[in-house]
Amino acid sequence: MSKLWGGRFDGTTHSLMEKLGESVSFDHRLAPWDIEASRAHAKMLAACGIITKEEGSLLDQGLAELAEEVRNGSVQWDSRLEDVHGNIEALLIKKVGDAGKKLHTARSRNDQIATDMRLWTRDQADAIDAALHALQHAILHFAEEHVQVVLPGYTHLQPAQPVLLAHHMLAYFEMFSRDRERFAQLRKRINVMPLGSAALAGTPHPIDRAYTAELLGFEKLSANSMDAVSDRDYLIEFCGCASLIMMHLSRWSEEIILWNSPPFSFISLGDAFTTGSSIMPQKKNPDAAELTRGKAARVFADHQALLVLLKGLPLTYNRDLQEDKEPVFHASDTVQLCLSVFTAMLRTITVRRDVMERAVGDGFMEATDLADYLVYKGVPFREAHHIVGETVRYCIGVGKTLTALSLDEFRRFCPEVEEDVFDALQIETILARRCQPGATAPAQVRVALVEARKRLADI
Ligand code: ARG
């Protein structure tokens, strides 16, 4: 098997070197993008007179056939040819003969892999955006369906103040909006064409980079050939943005796991995204959420792997860079899978409204509102805070909730309390009064839902 670079060598490559050096076992998935870039390159070479028109169309035809063979899975990848580029070139030469040997004119595998990865990452960014969009739709639908439901909001995982379930869900909507923004910004930095940088210094051939960029849909040309072949910032960013999505999904997973566990019982998950235990017949485990929480760790590791991979590399291309692919592929696949799982899983969740609303009655969640009530009656907030603290302590002692106290009991702690305290401590009153933009009053949440729908339709 002759190597792409065989001319300089007398001896043969050790099989262990081949095993260490091959990447086609994982980079063959870049083949469609590699072929797309090669077709644009060949077209440009012919348009610039660097190869003949006939050679140009032979290359185009051969590459189109190869694209079809890759699609239908009939290509046999050969690890002795190292990578996807070596394999495609060898297959092309087999198909079209000598013209195939001209494809690599004015190009190096260094700018070729940089181009392939940017094309691939651009498509993945779009796919992730679509998956985020679908999840936001599902969240919004869920929030709208349960717009009446109230549950405890927590700080420190202690009951804090009542909130609408729709308000809680819209918090996740916001997180995924930011994730989409990040990918949209990153897409601009991805969409820069390195092709034409050749090995590192550019090429003496009279190529037309702008034409190739136009054919491939790149917005800009790289401004420096040395940076172009060694830059992997966008892959680090890609894994960073993917990590943030996984972090959001992981936090949500934690909540789903808690809410689904018997002591909470706020929700119950459908059969489709749960599994059983091999020993305990009663079990129905929230594995989809647990696995997502677990997979987040590995995506964070992908991000870290790339940072460490790059930190000691001098300019320009170093073979270490071949190791960038598996972490990025893993991060991208995992994020897309987990987003799809959550979109589908959300539809299988049953909300236990009665349990959520019962929980709102526990934990003295009206305490802040009682303090605010005293403030309206002229008590300074710090004093009011203290008075309510004492009142809660009293309630705990006699085993009562705040709303079960009599007017006399309230007045024992604060003579300013009047008959209207009972209305002030109603859950409906508490919610309705949090009516600033971004807060949980039902009227505000309805506005937020309409706004969210509009935002989804716009982008
Ligand atoms: N498979 C290589 C990679 O992914 C392609 C570039 C090879 N360049 C080289 N000079 N050996 O990095």
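Basis for what follows: all heavy atoms, side chains included, without hydrogens, waters or symmetry-related copies. Here the structure is a predicted model, which means the values were calculated and not measured. Counting convention: from 1, in listed order, for ligands and their atoms alike.
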Subject >> Option nearest atom 11 (N) of ligand 1 (shortest heavy-atom distance, choices Arg109, Gln322, Glu323) >> reply: Arg109
Original post:
With the threshold set at 4.0 Å, does a side-chain nitrogen-carboxylate oxygen contact exist between Lys454 and Glu451?
Top reply: yes
Subject >> Protein heavy atom at shortest distance from atom 3 (C) of ligand 1 >> reply: Tyr317 OH, 3.2 Å
Original post:
Do we see a donor-acceptor contact under 3.5 Å between the side chains of His248 and Asp179?
Top reply: yes
Original post:
Considering only the protein, which heavy-atom contact is closest to atom 4 (O) of ligand 1, and what is its distance?
Top reply: Lys325 NZ, 2.6 Å
Original post:
Taking atom 5 (C) of ligand 1 as the point of reference, which of Asp83, Asn318, Asp116 owns the nearest heavy atom?
Top reply: Asp83
Subject >> Parallel, tilted or perpendicular, as decided by the 30° and 60° cut-offs, for the rings of Trp252 and Phe176 >> reply: tilted
Subject >> Nearest-contact summary for atom 10 (N) of ligand 1 - protein heavy atom, Å >> reply: Asn110 OD1, 3.1 Å
Original post:
Is it true that the NZ or CZ of Arg118 lies under 6.0 Å from the centre of Phe218's six-membered ring and within 45 degrees of the ring axis?
Top reply: no
Original post:
Regarding Gln148 and Arg353, is there a side-chain donor-to-acceptor distance under 3.5 Å anywhere?
Top reply: no
Original post:
Taking the inter-plane angle between the rings of Phe264 and Phe266 on a 0 to 90° scale, is it parallel (under 30°), tilted (30 to 60°) or perpendicular (over 60°)?
Top reply: perpendicular
**OP:** Heavy-atom distances under 4.0 Å are what count here, so tell me which part of Gln112 touches ligand 1: side chain, backbone, both or neither.
**Re:** neither
Subject >> Those atoms of ligand 1 less than 4.0 Å from some heavy atom in Ser23 >> reply: 1 (N)
